[in-house]
Amino acid sequence: MPELPEVETIKKELGKSVVGKKITEVCVHHPLVIRQPSVVKFKKDLVGATIKNVLRRAKLLILELSNGKYLAIHLKMTGQLVYPGDGKKSRVTFHLSDGKNLDFNDQRLFGELRLIDNWQSLKFIRELGPEPFDLNPERFKEMLSNKKTKIKPLLMDQKFISGIGNLYAAESLFRARIHPGRPAQSLSDKEKGLLFKEVKDVLKEAIHYGGSSVDNYVRLSGEKGNYVSHHKVYDREGKPCVKCKTTIKRIALGGRGTYLCPKCQT
DNA sequence: AATGGGACCTGCGCGC
DNA sequence: TGCGCGCAGGTCCCAT
């Protein structure tokens, strides 16, 4: 499940591999993932365009094209971008001027590709909360101050703060020793400051290791990200807490599974 | 305003 | 072995 670190990893790798290359052909094997515009127009407007730059906002990848348009890619749950791709699982294949393919794979078809004139005007983009790395501790504390919501669903709320999903919310809260069900406004000043630090630290570390390949996520090369072995709680139900040996629990919060150490996190 | 549930999808792992 | 079912969780949408 790609979150900020996974998308950032792919963004950096795309910058090295495909920027400067021209799209020579687009094969749409599954039209469901093309959300905007029509498949015909999507292909027509992409062919001949050169990829000028790659941007990331929250979990959205944005390819800036030489024709002034932008290709926005959301991987959702099971999306993958692979270069050079073999086309085997591809939903959409972009043939590039170097003779290689950029494959968009997506087992569950939740992913979304949009070719747009102005990415800033997308509803999804306009409603996003700030990037974690654009915030300072004081601002983060202010944001939490009048929120009654449980802290974990709040961290995952893209309109509140963008880029954090189920995995990094759970890891941040473990590191800050905060129970995921706590009302946000109940956190002490010290806890808020610590949580902000841990959010940034865990995201940075995960980016360093190329993200977490828990499920379908792979790097642009098709290799797995290496951060899973550093997880303290996520996907570790029944295993001992790395700090106190207490058995890691999995509970439901806001309709999502979440992992915690019942002793360390209060 | 905030919360909960279902929808979108597929494939995996589980119990029988 | 095989079948049906629950489940994974990013985002949107609707109901309360």
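To find a chain, count down the sequence lines: A is the first, B the second, and so on, and within it residues start at 1.
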Regarding T266(A) and R177(A), do their side chains bring together a donor and an acceptor under 3.5 Å, going by distance alone? no
May I have the distance from F160(A) (atom CZ) to dT11(C) (atom P), rounded to whole angstrom? 16 Å
In whole angstroms, the gap separating P of dT11(C) from CD1 of I164(A) amounts to 12 Å
Looking at every strand, decide which applies to Y234(A) at a 4.0 Å heavy-atom threshold: base, sugar-phosphate, or nothing. sugar-phosphate
Starting from P on dA7(B), measure out to CG on L32(A) and report it in whole angstrom. 17 Å
Which ranges of DNA chain B pair up as stems, where a stem means three or more consecutive Watson-Crick or G-U pairs with both distances under 3.5 Å? B:2-8 with C:10-16, B:10-16 with C:2-8
Atom CE of M77(A) and atom P of dC7(C) are separated, to the nearest Å, by 14 Å
If I pick the P atom on dT11(C) and the same atom on dG11(B), what distance separates them, to the nearest angstrom? 22 Å
Roughly how many Å is it from NZ in K76(A) to C1' in dC9(B), rounded to a whole number? 11 Å
In terms of side-chain heavy atoms, does T78(A) have a donor or acceptor partner in D106(A) at a distance below 3.5 Å? yes
Is the side chain of E171(A) donor-acceptor paired with the backbone N or O of L167(A) at a distance under 3.5 Å, no angle test? no
Looking only at the side chains, is there a donor atom on one of K88(A) and N105(A) sitting less than 3.5 Å from an acceptor on the other? no
For DNA chain B, the residues among residues 103-116 of chain A that have a non-hydrogen atom under 4.0 Å from it: Q107(A), R108(A), L109(A), F110(A)
Between dG10(C) and Q158(A), is there an OP1 or OP2 to side-chain N/O distance shorter than 4.0 Å? no
Roughly how far apart are T149(A) OG1 and F160(A) CZ, rounded to 0.5 Å? 8.5 Å
Any chance the side chains of Y168(A) and E6(A) put a donor and an acceptor closer than 3.5 Å? yes
Heavy-atom count check: over 12 atoms from other residues, nucleotides or ligands less than 6.0 Å from K44(A) NZ? no
Would you kindly compare N146(A) and G255(A) by the position of their nearest DNA chain B nucleotide and give the one closer to the 5′ end? N146(A)
With DNA chain C as reference, determine whether K123(A) or M156(A) sits nearer its 5' end, using the nearest nucleotide of each. M156(A)
Do D189(A) and K141(A) pass the salt bridge (charged side-chain N to carboxylate O under 4.0 Å, His left out) test, and can you show the C-alpha distance, the side-chain angles, and the key distance before you say yes or no? CA-CA 7 Å; D189(A) 189 71; K141(A) 289 176 187 177; 3.3 Å; yes
Going by atom types alone, do E237(A) and Y259(A) pair a side-chain donor with an acceptor below 3.5 Å? no
Atom-to-atom span, CG of D215(A) to P of dG13(B) - whole angstrom: 10 Å
Once you round to the nearest 0.5 Å, how far does CZ of R114(A) lie from NE2 of H74(A)? 10.0 Å
Go through the N and O atoms of the side chain of R256(A) and the base of dT11(C), and report whether any donor-acceptor pair is under 3.5 Å. yes
Residue met sooner reading DNA chain B from 5', once G254(A) and H30(A) are mapped to nucleotides: G254(A)
Decide side-chain contact (heavy atoms from CB on, under 4.5 Å) for F133(A) and L4(A); before the verdict, give the C-alpha distance in whole Å, the side-chain angles of both, and the deciding distance to 0.1 Å. CA-CA 11 Å; F133(A) 295 121; L4(A) 187 157; 4.2 Å; yes
Below 4.0 angstrom from OP1 or OP2 of dG10(C), is there any side-chain N or O of H74(A)? no
To the nearest Å, how far apart are L60(A) CG and dG10(C) C1'? 12 Å
For E3(A) and dG9(C), give me the distance from atom CD to atom C1', rounded to whole Å. 9 Å
Does the side chain of K59(A) get closer than 4.0 angstrom to OP1 or OP2 of dT11(C) through an N or O atom? yes
Rounding to the closest angstrom, what is the interatomic distance between dT1(C) and dT10(B) at atom C1'? 23 Å
Using a cut-off of strictly less than 4.0 Å, decide whether T149(A) has a side-chain nitrogen or oxygen near OP1 or OP2 of dT3(B). yes
Within the 4.0 Å heavy-atom criterion, would you say L75(A) contacts the bases, only the backbone, or no part of the nucleic acid? nothing
Determine the Euclidean distance between corresponding P atoms of dC5(C) and dA7(B); express it in Å to zero decimal places. 15 Å
